[in-house]
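Bear in mind the structure is a predicted one, so any value in this text is a computation, not a measurement. Numbers restart at 1 for each chain; the letters A, B, ... are given by sequence-line order, proteins then strands.
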Amino acid sequence: MSDSTVKSTEEKSLNFIEQIIEEDLRAGKHDGRVLTRFPPEPNGYLHIGHAKSICLNFGVAQKYGGATNLRFDDTNPVTEDTEYVESIKNDVQWLGFQWANEFYASDYFDQLYEFALQLIQKGLAYVDDSTSEEMATLKGTPTEAGTNSPYRSRSIEENLDLFTRMKNGEFAEGSRTLRAKIDMASPNMLMRDPILYRIKFAHHHRTGDKWCIYPMYDFAHGQSDSIEKITHSVCTLEFVPHRELYDWCIENLAIFPSKQYEFSRLNLTYTVMSKRKLLKLVNEQHVNGWDDPRMPTLSGMRRRGYTPEAIREFCERAGVTKNSQLIDISLLEFCVRDHLNKIAQRRMVVFDPLKVVITNYPEGQTEMCQSENNPEDLEGSGTRTMPFSREIYVEQEDFMENPPKKYFRLAPGQMVRLKSAYIIRCDEAIKDADGQVVELHCSYIENSKSGNDTSGINVKGTLHWVSVAEAVAIEVRQYDRLFKVEDPSSEEGDFKDYLNPDSLTVVTAYAEPALANATLEDKFQFMRKGYFCLDSDSSTDKLVFNRTVGLKDTWQKEANK
RNA sequence: UGGUGGAUGGUGUAAUGGUAACACAGAAGAUUUUGGUUCUUUUAUUCAGGGUUCGAGUCCUUGUCCGCCAACCA
């Protein structure tokens, strides 16, 4: 067996979550059952960081024959909305995952209330009349123990009565809370009698006005996991300090022992990932909404033309650890190109037109040229035709009057291949009064047509082109990185100071006729330009395209030397 | 500061006491009717000190640096 065969049959190493699951499986825990959950709060749009969590949670469940619940953590009615619920469901499905059950923390409000009553009865929770300021001062600091609230020693009966009345709406918002009675001297600040319930006279997107008390995250999340019998509750590292409380609630309620495991969140260079910052970009109109193609949101990436396959591959390559990761955006772009290269239809589009007149081609004549839709998938994608005529457009940058060495494009006397058409020779550059080249006169080699070239001429360069008469004018939106620096969040001052002012460039370009039939689902490669997709802003009389990502450009590097 | 999580090429990940490897990025070349793709080659890595061991990226210890926690947010 050769080395390469050995390598290809080697098993890919497991990430630490998979290792935990396999150990549990070996130990016969939960009868070999694996149930995970993806628990977003419906207060914003999903981004690439969530994609990692989705791929992990759904991925391990799939791998070990389990299932995943989608659970909306909707315990704070003030910030949450149905609009977000819909977008989140849409994004998860688009990414390619299907949940076993759609649940809401609010489904469990009755049960959670019962749990709270149990804790009170066990003498493990009490109603506190302190204001939030009073509570903050009594809480102590990491180095000094806190002091007990004066209300901590209330009787079980009084607590039961007060809590019931809290629920019945007898007390003003902010006047009372239900707190766990744990340890005001705990080194873990979260264990210093955490608030379990607070009063909010707010309309909930699902339960309406039924409740005026709402559980805090820590009193809802673990119990929700437990109610659903989640076996592996996987979340991000900032919840590590919550685990002690997560376990405390489960233990004292004596309910199903779900376990929490934490991994590090994903960050990308040249963008920001926090919901707060993304919201700011939207609200202050630095971008055009949550689905602006420059946003790291899934809806933005979808609109930009990124595929679910590419995003899943990226998450897979990013890996799962506890190290903080700031991943180079070029890895994501690699995954996007890699997938798009296999599936994108090739089209010719000229961005910055320079008219070429083929002087020895008959005036008024048009012939069709056949061109493959995708050289990576010749059979599956077939071919299309495009018109060739006496007047065509090529890119301005594909002509130089005084070319440097290794410039394989048009220059006086130099020959190139027009992709899928003829070889032409540049005879003359026509200039305007300012000396700008406005037109090229070329001659074509009659027996050099693609497919039956008998000319015997070999040229180094092949250009994309469109016939002037049939060219379709389109709008192209070219995106660049949103920020000028790798990690805007770690820079001095306001992160918005580091926005890239040139993150969006709009141009009119000229496309071959076949592009006019584009649909929103299509993925294109504009040859020698990059990958593009139709934008939803398009109308019947104006097609708008987004540049998903450019092609690798090794000539640019050569030219800069 | 008390607690807590972390530190392996530029970036991310692997090596579970036994030759520090893979991918991206970078560089060089070949092929190419896309200066794309593909292929070949290549540069570069264990935070520091001490200890255990025949052997340490891995274990112990001290230190350094980074992240998170003191919301009636999640």
Side-chain angles (χ1 to χ4, degrees), chain A residues 7 12-15 19 39-41 43 73-76 78-80 105 128 130-132 135-136 139-146 173-179 186-192 195-200 214 216-218 220-221 235-244 262 264 266 269 275 317-335 337-338 341-342 346 348 371-372 375-376 406-409 416-421 423 450-451 453 458-464 486 525-530 550-559:
Chain A
K7 220 166 228 168
K12 208 179 153 286
S13 52
L14 304 175
N15 66 49
Q19 287 177 32
E41 184 189 10
N43 70 345
D73 235 326
D74 55 352
T75 56
N76 185 1
V78 180
T79 55
E80 296 152 5
D128 195 327
S130 306
T131 65
S132 59
M135 252 185 244
K139 193 142 197 179
T141 69
T143 44
E144 309 159 68
E173 202 163 300
S175 64
R176 284 186 163 89
T177 56
L178 183 74
R179 290 231 260 169
S186 171
N188 182 351
M189 299 295 288
L190 275 158
M191 297 300 276
R192 321 245 268 222
I195 292 173
L196 268 22
Y197 267 92
R198 75 287 213 193
I199 301 170
K200 271 183 198 286
Y214 291 93
M216 296 287 287
Y217 166 85
D218 286 303
H221 200 97
C235 64
T236 44
L237 236 26
E238 66 269 25
F239 290 98
V240 167
H242 294 253
R243 190 174 60 227
E244 194 179 354
E262 311 88 7
S264 65
L266 175 153
T269 54
K275 239 180 232 178
R317 284 168 180 258
V320 180
T321 64
K322 296 195 175 201
N323 307 343
S324 43
Q325 37 181 222
L326 176 60
I327 302 183
D328 201 316
I329 185 75
S330 64
L331 180 63
L332 212 207
E333 293 182 340
F334 165 81
C335 294
R337 285 194 193 102
D338 194 46
N341 178 47
K342 295 181 187 114
R346 312 292 127 126
M348 293 202 233
S371 195
E372 62 273 18
E376 306 293 315
K406 295 208 252 177
Y407 183 82
F408 305 137
R409 310 178 189 183
V416 298
R417 155 82 59 188
L418 294 175
K419 172 72 188 172
S420 298
I423 292 172
S450 256
D453 180 359
N458 279 313
V459 292
K460 288 221 129 165
T462 301
L463 307 186
H464 63 283
E486 280 201 344
Q525 184 196 98
F526 294 177
M527 296 194 85
R528 304 210 300 141
K529 283 300 190 181
L551 253 27
K552 266 216 259 177
D553 189 355
T554 48
W555 164 246
Q556 201 45 247
K557 281 170 201 153
E558 181 72 28

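The same atom, C1', is picked in B/U42 and in B/A56; the two are 30 Å apart, to the nearest Å. A gap of 48 Å separates the P atoms of B/U34 and B/G67, to the nearest Å. For the P atoms, the distance linking B/U43 with B/A28 amounts to 14 Å, nearest Å. The gap from the P atom of B/G50 to that of B/G18 amounts to 23 Å, rounded to the nearest Å. On the C1' atoms, B/C47 is 27 Å away from B/C54, given to the nearest whole Å. B/G57 and B/U64 have their P atoms separated by 23 Å, with the value rounded to a whole Å. One C1' atom belongs to B/A44, the other to B/G49, and the distance between them is 25 Å to the nearest Å. Look at the C1' atom in both B/U32 and B/C39: the space between them is 11 Å, to the nearest Å.
In this structure A/Thr236 satisfies the side chain to side chain donor-acceptor pair (under 3.5 Å) test together with A/Glu238, sequence neighbours excluded. Here A/Lys552 pairs with A/Arg337 under the side-chain contact (heavy atoms from CB on, under 4.5 Å) rule; sequence neighbours left out. Shown here are the side-chain contact (heavy atoms from CB on, under 4.5 Å) partners of A/Thr462, two or more places apart in sequence or in another chain: A/Arg417, A/Lys419. Judged as a side chain to side chain donor-acceptor pair (under 3.5 Å), and not counting sequence neighbours, the contacts of A/Thr143 are A/Thr141. Taking A/Arg409 as the reference, A/Asp398 meet the salt bridge (charged side-chain N to carboxylate O under 4.0 Å, His left out) condition, with sequence neighbours excluded. Residues meeting the side-chain contact (heavy atoms from CB on, under 4.5 Å) test with A/Thr79, sequence neighbours left out: A/Glu41, A/Asn43, A/Asn76. In this view, A/Leu326 and A/Asn267, A/Thr269, A/Asp487 satisfy the side-chain contact (heavy atoms from CB on, under 4.5 Å) rule, not counting sequence neighbours. Residues passing the salt bridge (charged side-chain N to carboxylate O under 4.0 Å, His left out) test with A/Lys322 are A/Glu262, sequence neighbours excluded.
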Heteroatom pairs (N/O) under 3.5 angstrom, protein to nucleotides 72-74 of chain B:
unit_1	atom_1	unit_2	atom_2	d
B/C72	N3	A/Gly174	O	3.4
B/C72	N4	A/Ser130	O	3.3
B/C72	N4	A/Gly174	O	2.6
B/C73	OP2	A/Arg198	NE	3.2
B/C73	OP2	A/Arg198	NH2	2.8
B/C73	OP2	A/Lys200	NZ	3.3
B/C73	O3'	A/Arg198	NH2	3.1
B/C73	O2'	A/Asn76	ND2	3.1
B/A74	OP1	A/Thr75	OG1	2.7
B/A74	OP1	A/Arg198	NH1	3.4
B/A74	OP1	A/Arg198	NH2	2.9
B/A74	OP2	A/Tyr217	N	2.9
B/A74	O4'	A/Glu41	OE1	3.4
B/A74	N6	A/His242	NE2	2.9

Each nucleotide N or O in nucleotides 44-47 of chain B that has a protein N or O under 3.5 Å away: list the pair and distance.
none

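A distance of 9.5 Å separates OG1 of A/Thr75 from NZ of A/Lys200, quoted to the nearest 0.5 Å.
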Problem set entry | From CA spacing to verdict: ring-ring contact (aromatic ring centres under 6.0 Å, His included), A/His221, A/Phe239 | CA-CA 11 Å; A/His221 200 97; A/Phe239 290 98; 7.1 Å; no
For this session: Take A/Asp338 and A/Lys342 through the salt bridge (charged side-chain N to carboxylate O under 4.0 Å, His left out) test and state the conclusion after the steps.
Result: CA-CA 7 Å; A/Asp338 194 46; A/Lys342 295 181 187 114; 3.5 Å; yes
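Residue side chain A/Arg337 does not reach the base of B/G36 through any donor-acceptor N/O pair under 3.5 Å, judged by distance alone.
Nucleic acid contact for A/Tyr407: base, since at least one base atom lies under 4.0 Å from a heavy atom of the residue. Heavy atoms of A/Gly451 sit under 4.0 angstrom from at least one base atom. Residue A/Arg346 is classed as a base contact, given a heavy-atom separation below 4.0 Å to a base.
Dashed line: the shortest gap from a side-chain N or O of A/Arg528 to OP1 or OP2 of B/G35 is under 4.0 Å.
The backbone N or O of A/Asn188 sits less than 3.5 Å from a side-chain atom of A/Ser186, completing a donor-acceptor pair. When atom types are taken as modelled, the side chain of A/Asn323 and the backbone of A/Gln325 share no donor-acceptor pair closer than 3.5 angstrom.
Stacking between A/Phe334 and B/A25 is absent: the aromatic ring centre is not both under 5.5 angstrom from the base six-membered ring centre and within 30 degrees in plane angle.
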For this session: Starting at the 5' end of nucleotides 4-14 of chain B, put B wherever the base has a protein heavy atom under 4.0 Å, S where only the sugar-phosphate does, and a dash everywhere else.
Result: SSSS---SSSS
Problem set entry | Dot-bracket pairing map - RNA chain B, Watson-Crick plus G-U, both contacts under 3.5 Å, | cross-strand | .((((((..((((....[..)))).(((((.......)))))....(((((..]....))))))))))).....
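Between the CE atom of A/Met527 and the P atom of B/G35 there is a distance of 8 Å, given to the nearest Å.
Counting only heavy atoms from C-beta outward, the side chains of A/Glu376 and A/Asn341 approach each other to under 4.5 Å.
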